[in-house]
Trainee: 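Please find one structure pasted underneath; my questions will follow.
Throughout, protein chains are lettered first and strands after them, A, B, ... in sequence-line order, and every chain is numbered starting at 1. Since the structure is predicted, the reported quantities are computational estimates derived from the model, not experimental observations.
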Amino acid sequence: MEFSTITTEQISNLLPRDFFCRPAELVAQDLIGCILVKKQPDGNLLSGIIVETEAYSQTEASCHGHKGKTKTNTTLFGEPGRFYIYLTYGIYHCVNIVTDKNNFASGVLLRSIELPGKDERIASGPGLLARIFQINKSHDGLPISIKSGLWVAGRPSQNMLKIVQTTRIGISKAKELPWRWYLQKSRSISKRAKGDRCPKK
DNA sequence: GGTAGGATTACG
DNA sequence: GTAATCCTACCT
């Protein structure tokens, strides 16, 4: 999938807070095709199309909030519509969006983003994505807003997107849940998994 | 103070 | 497929 340039108008189309006040597995699939925008330290805006997501919820064992609050996962239990950033493997940051409701740990992991006009691989994978957007623990708890300098805009068009639903990867528990979604035509997703299929209509 | 286990990536 | 890498949570 090749995306053309993202316009100023498109990145101004901030998703409303209510969008995130829903179960993670609904938000995750609706985020495919949306735009992540960040104001970089140099003042320039960086934006890209979200092409791969995963949902997590405290009801299942692979979620960081499954065993309750800790020092590092507190944001996940808080207000929907904020970023939850954590360090994984001691090296890589992962970018999540808190969903659903207060005092209920759930969120969507952004796994891959395509930057129009740039190499498809540079933001394909959660760790690489965070690196390109220069997102780290200092952004944990930040609200999704234009004022915060980090936000999500709605899908640029009403074009039909072919979204594939499959199982999550890189986890050892609750592997059976089909809570991963990606754009079928995108070559910049992080990995393939067995049993990939299109969601039923 | 010590250790096991990662929501990963890069390379063969 | 497997190794590198190092922080966090939890246990002693």
Trainee: In whole angstroms, how far is the C1' atom of dA4(C) from the CD1 atom of Ile91(A)?
Mentor: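 For the pair Ile91(A) CD1 and dA4(C) C1', the rounded distance is 7 Å.
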Trainee: The side chain of Tyr92(A) is closest to which nucleotide in this list: dT9(B), dG6(B), dA7(B)?
Mentor: dT9(B)
Trainee: Taking OP1 and OP2 of dA9(C), is either one under 4.0 Å from a side-chain nitrogen or oxygen of Thr72(A)?
Mentor: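 For dA9(C), OP1/OP2 do have a side-chain N/O of Thr72(A) under 4.0 Å.
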Trainee: Please report the distance, rounded to the nearest Å, between CD1 in Ile85(A) and P in dA7(B).
Mentor: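 After rounding, the reported distance stands at 15 Å.
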Trainee: Can you tell which of dA9(C), dT5(C), dA7(B) lies closest to the side chain of Tyr56(A)?
Mentor: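 Minimum distance to the Tyr56(A) side chain belongs to dA7(B).
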Trainee: Over all strands shown, is Ser62(A) touching base, sugar-phosphate only, or nothing at heavy-atom distances under 4.0 angstrom?
Mentor: base
Trainee: May I ask you to verify whether the side chain of Tyr86(A) and the base of dA7(B) hold a donor-acceptor pair under 3.5 Å?
Mentor: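 Such a pair is found, so the answer is yes.
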Trainee: Any idea which heavy atoms bring Thr74(A) and Lys69(A) closest together, and the distance?
Mentor: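 Scanning both residues completely, I find the closest heavy atoms to be CG2-CD, 4.4 Å.
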Trainee: With a 4.5 Å limit on heavy-atom distance, are the side chains of Cys63(A) and Leu76(A) in contact?
Mentor: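 A side-chain contact under 4.5 Å exists here.
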Trainee: Describe the nucleic acid contact of Leu109(A) in one word from base, sugar-phosphate, nothing, applying a heavy-atom distance below 4.0 Å.
Mentor: base
Trainee: Specify the separation, in whole Å, of atom NZ of Lys67(A) and atom P of dA7(B).
Mentor: 11 Å
Trainee: Could you state the CG-P distance from Leu87(A) to dA9(C), rounded to the nearest angstrom?
Mentor: 11 Å
Trainee: List the atom of Gln58(A), the atom of His66(A), and the distance in Å for their closest heavy-atom pair.
Mentor: O-ND1, 2.8 Å
Trainee: Using heavy-atom distances to pick each residue's nearest nucleotide on DNA chain B, tell me which of Arg131(A) and Lys173(A) is more 5'.
Mentor: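 Nearest-nucleotide comparison on DNA chain B picks Lys173(A).
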Trainee: Figure out the CG/C1' separation between Asn136(A) and dC7(C), and round it to whole Å.
Mentor: 15 Å
Trainee: To the nearest Å, give me how far apart NE2 (His64(A)) and P (dC10(C)) are.
Mentor: 12 Å
Trainee: Stacking between dT8(B) and Tyr89(A), yes or no? Criterion: centroid separation under 5.5 angstrom, plane angle under 30 degrees.
Mentor: yes
Trainee: Closest heavy-atom contact between Ile85(A) and Ile135(A)?
Mentor: CD1-CG2, 3.6 Å
Trainee: When you get a sec, tell me which of dA7(B), dG6(B), dC6(C) is the closest nucleotide to the side chain of Ser172(A)?
Mentor: dG6(B)
Trainee: For Glu9(A), is the CD atom crowded, meaning more than 12 foreign heavy atoms sit under 6.0 Å from it?
Mentor: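 No, CD of Glu9(A) has 12 or fewer neighbouring heavy atoms, counting only those of other groups under 6.0 Å.
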Trainee: Across all strands shown, which nucleotide pairs with dT5(C) by Watson-Crick or G-U wobble geometry, both distances under 3.5 Å?
Mentor: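 Answer to the pairing question: none, since dT5(C) forms no Watson-Crick or G-U pair.
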Trainee: To the nearest Å, how far apart are Ile135(A) CD1 and dT8(B) P?
Mentor: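 So the CD1-P distance, Ile135(A) to dT8(B), works out to 16 Å.
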Trainee: Determine: side-chain N/O of Thr70(A) to OP1/OP2 of dA9(C), distance under 4.0 Å, yes or no.
Mentor: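 Yes.
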Trainee: Rounded to the Å, how far apart are Ile169(A) CD1 and dG1(C) C1'?
Mentor: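 The distance from CD1 of Ile169(A) to C1' of dG1(C) comes to 16 Å, rounded to the nearest Å.
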